[in-house]
Amino acid sequence: GILPEVFREAVAQADVAISITDTAATILYVNPGFERVTGYSLAEARGQNQSLLSAKTTPPAVYTQLWATIGKGEPWSGRLVNRRRDGSEYLADLMITPVRDGDGRVANYLGIHRDITELH
Ligand code: FAD
């Protein structure tokens, strides 16, 4: 059917930063919206950990809570201070959704975020 192609195009054209990672947060895919928000292309981001976006100013407890939540297979959303490829910082409103495989095991994470610096 046409649905897989529509899904692909919807993700590619979504006006938000979307990434798909493995369970260690290693980036497998980012959409063009991710490149617009972060400055990193798919070629640059692929194979790197999502922590490449960390501005290193978000309290570690936030990340511990993030991992405790998604590690249980539950979605997490919150705000993190991120750093773009050019070094500039922005406030990210991020949602991470665990993606289960056919056996019900969490196999990947889906990250969706926006730059909310102006809204904050
Ligand atoms: P880390 O080495 O990651 O450690 C921070 C804490 O998380 C520690 O307590 C550690 O034990 C725990 N932890 C790390 N990895 C795992 C794991 N695989 N399983 C269980 N616990 C773990 N971070 C951002 O700063 N900005 C983002 O935009 C962002 N987007 C993300 C999107 C997705 C889909 C995912 C899965 C993660 C995202 N992260 C993001 C989190 C990122 O992967 C890092 O955990 C975070 O940036 C902190 O990095 P760090 O190197 O300082 O610490």
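Numbering of ligands and ligand atoms starts at 1, following listing order.
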Can you tell me the protein heavy atom closest to atom 30 (N) of ligand 1 and the distance? Gln50 NE2, 3.1 Å

Counting neighbours of CZ on Arg8 that are heavy atoms of other residues, nucleotides or ligands and sit closer than 6.0 Å, is the number greater than 12? no

So does Val62 get a backbone contact from the side chain of Gln65, meaning a donor-acceptor N/O pair under 3.5 Å? no

Under a 4.0 Å heavy-atom limit, does Thr58 contact ligand 1 with its side chain, its backbone, both, or neither? neither

Among all the protein's non-hydrogen atoms, which is closest to atom 43 (O) of ligand 1, and how far away is it? Asn49 OD1, 3.1 Å

My understanding is that we take every heavy atom of each candidate and find the minimum distance to atom 23 (N) of ligand 1. Doing that for Leu80, Asp22, Thr97, Thr38, which one comes out nearest? Leu80

Proximal ligand 1 atoms for Thr64, defined as those under 4.0 Å from one of its heavy atoms: 9 (O)

Give the numbers and elements of all ligand 1 atoms closer than 4.0 Å to a heavy atom of Ser54. 25 (O), 47 (O)

Considering residues, nucleotides and ligands other than Arg85, do more than 12 of their heavy atoms fall under 6.0 Å from its CZ? no

Would Val16 end up clustered with Trp76 when hydrophobic side chains under 4.5 Å apart are linked, directly or stepwise? no

Can you tell me the protein heavy atom closest to atom 49 (O) of ligand 1 and the distance? Ser51 CB, 3.3 Å

Please report whether atom 2 (O) of ligand 1 has a protein non-hydrogen atom at a separation of less than 4.0 Å. no

Counting from 1, what ligand 1 atoms have a heavy atom of Thr23 closer than 4.0 Å? 18 (N)

Can you check whether a protein heavy atom sits less than 4.0 angstrom from atom 11 (O) of ligand 1? no

Taking all non-hydrogen atoms of both residues, which atom of Tyr29 and which atom of Ala12 are closest, and how far apart? OH-CA, 4.1 Å

Please write down residue, atom name and distance for the protein heavy atom closest to atom 28 (O) of ligand 1. Asn82 ND2, 2.9 Å

Protein non-hydrogen atom below 4.0 angstrom of atom 34 (C) of ligand 1 present: yes

Does a sphere of radius 6.0 Å around CG in Asp101 hold more than 12 heavy atoms from other residues, nucleotides or ligands, not counting ones at 6.0 Å or beyond? yes

Run the numbers for me: atoms of ligand 1, each under 4.0 Å from some heavy atom of Leu53, listed by number. 26 (N), 28 (O)

Which ligand 1 atoms are under 4.0 Å away from a heavy-atom of Gly111? 34 (C)

Criterion side chain to side chain contact (heavy atoms under 4.5 Å, CB included) on Thr58 and Tyr63, from CA distance to verdict: CA-CA 8 Å; Thr58 299; Tyr63 297 124; 3.4 Å; yes

Main-chain N/O of Arg105 paired to Asp103 side chain as donor or acceptor, under 3.5 Å: no

Near Ala24, which atoms of ligand 1 are under 4.0 Å from a heavy atom of that residue? 18 (N)

Within a distance of under 4.0 Å, is there any protein heavy atom near atom 53 (O) of ligand 1? no

For residues 108-115, tabulate all N or O donor-acceptor pairs below 3.5 Å that involve a side-chain atom, not counting sequence neighbours.
residue : atom : partner : partner atom : Å
Asn108  : ND2  : Thr21   : O            : 3.0
Tyr109  : OH   : Ile70   : O            : 3.4
His113  : NE2  : Tyr90   : OH           : 2.8
Asp115  : OD1  : Thr117  : N            : 2.9
Asp115  : OD1  : Thr117  : OG1          : 2.5
Asp115  : OD2  : Arg84   : NH2          : 2.8

Is the count of non-hydrogen atoms from other residues, nucleotides or ligands lying under 6.0 Å from Glu9 atom CD greater than 12? yes

Candidates Trp76, Tyr63, Tyr90, Trp67; heavy atom nearest atom 45 (O) of ligand 1 found on Trp67

Closest contact, heavy atoms only, Asn82 versus Ala92: ND2-CB, 3.5 Å

Does atom 19 (N) of ligand 1 have any protein heavy atom closer than 4.0 Å? yes

